[in-house]
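Worksheet for the structure shown next.
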There are 2 protein chains.
Amino acid sequence: MIKKQLIMEKSLELFAKQGFEATSVQQITEHCGISKGAFYLSFKSKDELITALIDHFMSQFISNIDYVVKNTINDDQLLFEFYYATFDSFQKQSDFARILVKEQMQSFNEDLILKFHSYDRLIEKIILEMIENLYGEDVKHTKYDLIYCIKGFMSMYSQLFLFYNVPIDSNLLSQSLVEKTNLLAKHTTIPFISEDLIDMIKQPIKDDVTKEQVLELIEQKLIELGDSIEKQSLILLKQQLLEPTLSPVLVKGLLENIRNHPHCKWIGFLLRRYFGF
Amino acid sequence: MIKKQLIMEKSLELFAKQGFEATSVQQITEHCGISKGAFYLSFKSKDELITALIDHFMSQFISNIDYVVKNTINDDQLLFEFYYATFDSFQKQSDFARILVKEQMQSFNEDLILKFHSYDRLIEKIILEMIENLYGEDVKHTKYDLIYCIKGFMSMYSQLFLFYNVPIDSNLLSQSLVEKTNLLAKHTTIPFISEDLIDMIKQPIKDDVTKEQVLELIEQKLIELGDSIEKQSLILLKQQLLEPTLSPVLVKGLLENIRNHPHCKWIGFLLRRYFGF
DNA sequence: TTGACAAATGACCAGTTAGTCATTAGTATA
DNA sequence: TATACTAATGACTAACTGGTCATTTGTCAA
């Protein structure tokens with residue numbers, strides 16, 4: 001057990017410097033002063049070690065910020081406490097934070113990407129909860145943009161001290177970001193990330209969409225939609241799906257009709273793929 | 001020459017999917033349908049290929065946004081044009097953009113990190129120039145924060161379409177970010193990134209390009225280029241470098257001639273700086 | 001001191017890597 | 001056709017990878 005911890009600590013240093021792939025088990029065992037066999041007594045594989053590291057630190061980080069969001073009574077302080085907790089965690093576990101920034105998008109292993117991804121979702125969920133607590137209905141249309149901006153702040157400013165070894169004043173940094181976040185929350189009027197777009201991201205991107213799935217989605221939208229160009233276009237597109245009669249250029253025009261309607265973007269996306277545009 | 005291009009194009013696809021390290025020369029040569037030996041006739045090493053790719057695309061991207069910043073007359077449109085050019089570039093060269101996001105912080109090779117770094121600094125410089133043009137003295141204390149926020153927007157929103165295969169409306173996205181940027185520029189009062197902090201981060205970066213370096217580059221391009229408007233323009237620009245005789249407006253016209261040729265963008269950028277446009 | 005058992009070792013395996021080079025194929029000139 | 005030269009090949013090397021396992025070492029109780 002104690003050896004497991006030793007390996008985790010020592011390997012973290014190497015991973016932070018070189019990345020997962022570029023760090024060999026040999027290097028790790030040398031850095032720990034143990035043999036290769038000993039390593040495999042503690043972990044079944046290199047992947048298992050990596051997974052253990054990610055789970056260990058991510059669960060800690062997420063619990064931290066979740067606690068802050070759920071237990072800060074004073075709304076005026078919530079944002080500040082959130083940012084403070086974030087940068088505090090990042091500084092205390094800077095080796096892991098470095099890995100996080102480096103590997104999040106890059107990992108060779110498909111499972112790891114999924115893992116990072118699902119943790120990322122959790123973080124977004126916590127941020128969303130915070131935003132809704134703070135601003136409520138005011139940010140109904142801009143809340144997803146706000147999530148992305150907050151995440152952008154977190155990652156850009158983290159890089160400052162993670163990769164440049166600059167000493168930072170977490171207090172000032174958090175205050176500064178609180179002001180920026182409030183500004184965006186209170187005055188943004190042009191959202192980019194719609195609920196629809198979020199749906200697109202959420203759904204695992206399967207390459208092939210079946211006709212049936214699209215039809216089902218269209219049916220659903222037809223119920224929601226009032227009479228409009230979009231609705232009429234959707235009806236024609238549905239017929240085209242069932243029995244192709246229109247020429248490609250007409251289909252393309254119909255797709256263009258629904259392109260800018262926020263609730264039809266996903267369907268448009270799927271149809272473009274289905275029709276091969 | 002033509003083979004070099006083939007290798008660059010095909011390897012880009014693999015690098016974008018798997019990253020630099022996880023892509024072997026073997027895979028690249030198979031993907032190209034050539035032998036291993038043929039690869040090493042075009043590039044001295046795998047590293048040289050990677051370096052060539054980065055230089056090729058980064059110089060194009062930087063030239064693009066620099067041109068926009070320097071040549072958008074209407075201040076009201078500048079920010080929009082900047083964001084639009086950014087996302088346009090990213091979409092048109094999405095394979096490279098994916099690499100950029102993935103490898104920027106991660107590269108195994110020390111030289112690559114420095115390379116990315118110096119390009120990053122160039123981008124920051126262009127953004128700074130834009131901000132100072134737009135807001136002048138108003139953002140004297142917050143301009144460095146603004147740079148980081150803009151970079152944060154660029155990277156977070158890029159990830160949306162780069163990694164989720166989501167179709168995006170560049171127009172709306174740019175508008176949305178223009179509003180956010182303006183909000184931050186006009187109302188931020190608590191800066192975090194001071195000039196001091198920037199100094200700490202700054203590592204020496206060769207800012208100035210000598211006349212000789214540009215001349216050398218031009219000579220090289222002249223050999224590669226077939227007879228064309230671009231080539232004739234380059235010849236005249238070379239003469240202008242050696243012995244200034246043409247009026248600024250003529251020089252500007254020549255620069256315009258080579259602007260959209262993918263192999264001349266970098267030279268265009270350097271020349272614009274050299275002639276002070 | 002002996003014997004039993006777990007802990008730890010490192011030589012070894014099969015596979016992959018970047019890079020080389022003797023050999024061959026292709027092509028243009030005489 | 002013969003010669004000269006370049007372009008291209010792919011078997012090869014040496015180094016390294018994650019992972020295994022027969023062997024050795026250390027630590028107990030009897």
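No hydrogens, no waters, no symmetry mates; every other heavy atom, side chains included, goes into these values. Within every chain, numbering begins at 1; the chains are lettered A, B, ... in the order of the sequence lines, protein sequences first and strands thereafter.
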Figure out the [atom1]/[atom2] separation between [X] and [N], and round it to whole Å.
X       : N      : atom1 : atom2 : value
B:Asp47 : C:dT17 : CG    : P     : 16 Å
A:Glu30 : C:dT9  : CD    : P     : 13 Å
B:Leu41 : D:dT9  : CG    : P     : 9 Å
A:Lys36 : C:dA7  : NZ    : C1'   : 19 Å
A:Phe20 : D:dG18 : CZ    : P     : 13 Å
A:Glu21 : D:dC16 : CD    : P     : 17 Å
A:Ile34 : D:dT25 : CD1   : P     : 19 Å
B:Phe43 : D:dA8  : CZ    : P     : 14 Å

(Q) Heavy atoms from C-beta onward define the side chain here; which of C:dA8, D:dG18, D:dT9 lies closest to that of B:Ser35? (A) D:dT9

Q.
Quick check for you: among C:dA8, D:dG18, C:dT20, whose closest atom lies nearest to any side-chain atom of A:Val25?
A. D:dG18

Q. Does the separation of the ring centres of B:Phe90 and B:Phe61 fall below 6.0 angstrom?
A. yes

Establish, with yes or no, whether the OP1 or OP2 oxygen of [N] is under 4.0 angstrom from a side-chain nitrogen or oxygen of [X].
X       : N      : answer
A:Lys44 : D:dG18 : no
B:Lys46 : C:dA18 : yes
B:Lys3  : D:dA8  : yes
B:Ser24 : C:dT16 : no

Q: Give one of base, sugar-phosphate or nothing for A:Thr23, where a contact means two heavy atoms less than 4.0 Å apart.
A: sugar-phosphate

**Q.** Minimum side-chain heavy-atom gap B:Lys115-B:Thr51 below 4.5 Å
**A.** yes

(Q) Quick check: do B:Phe39 and B:Lys3 have side-chain heavy atoms less than 4.5 Å from each other? (A) no

Q.
For the CG atom of B:Leu173 and the CD1 atom of B:Ile168, what is their distance to the nearest 0.5 Å?
A. 5.0 Å

**Q.** 5′-ward residue of the pair A:Gln26/B:Gln26 relative to DNA chain D
**A.** B:Gln26

(Q) For a quick check under 3.5 Å, do B:Tyr40 and B:Glu48 share a side-chain donor-acceptor pair by atom type? (A) no

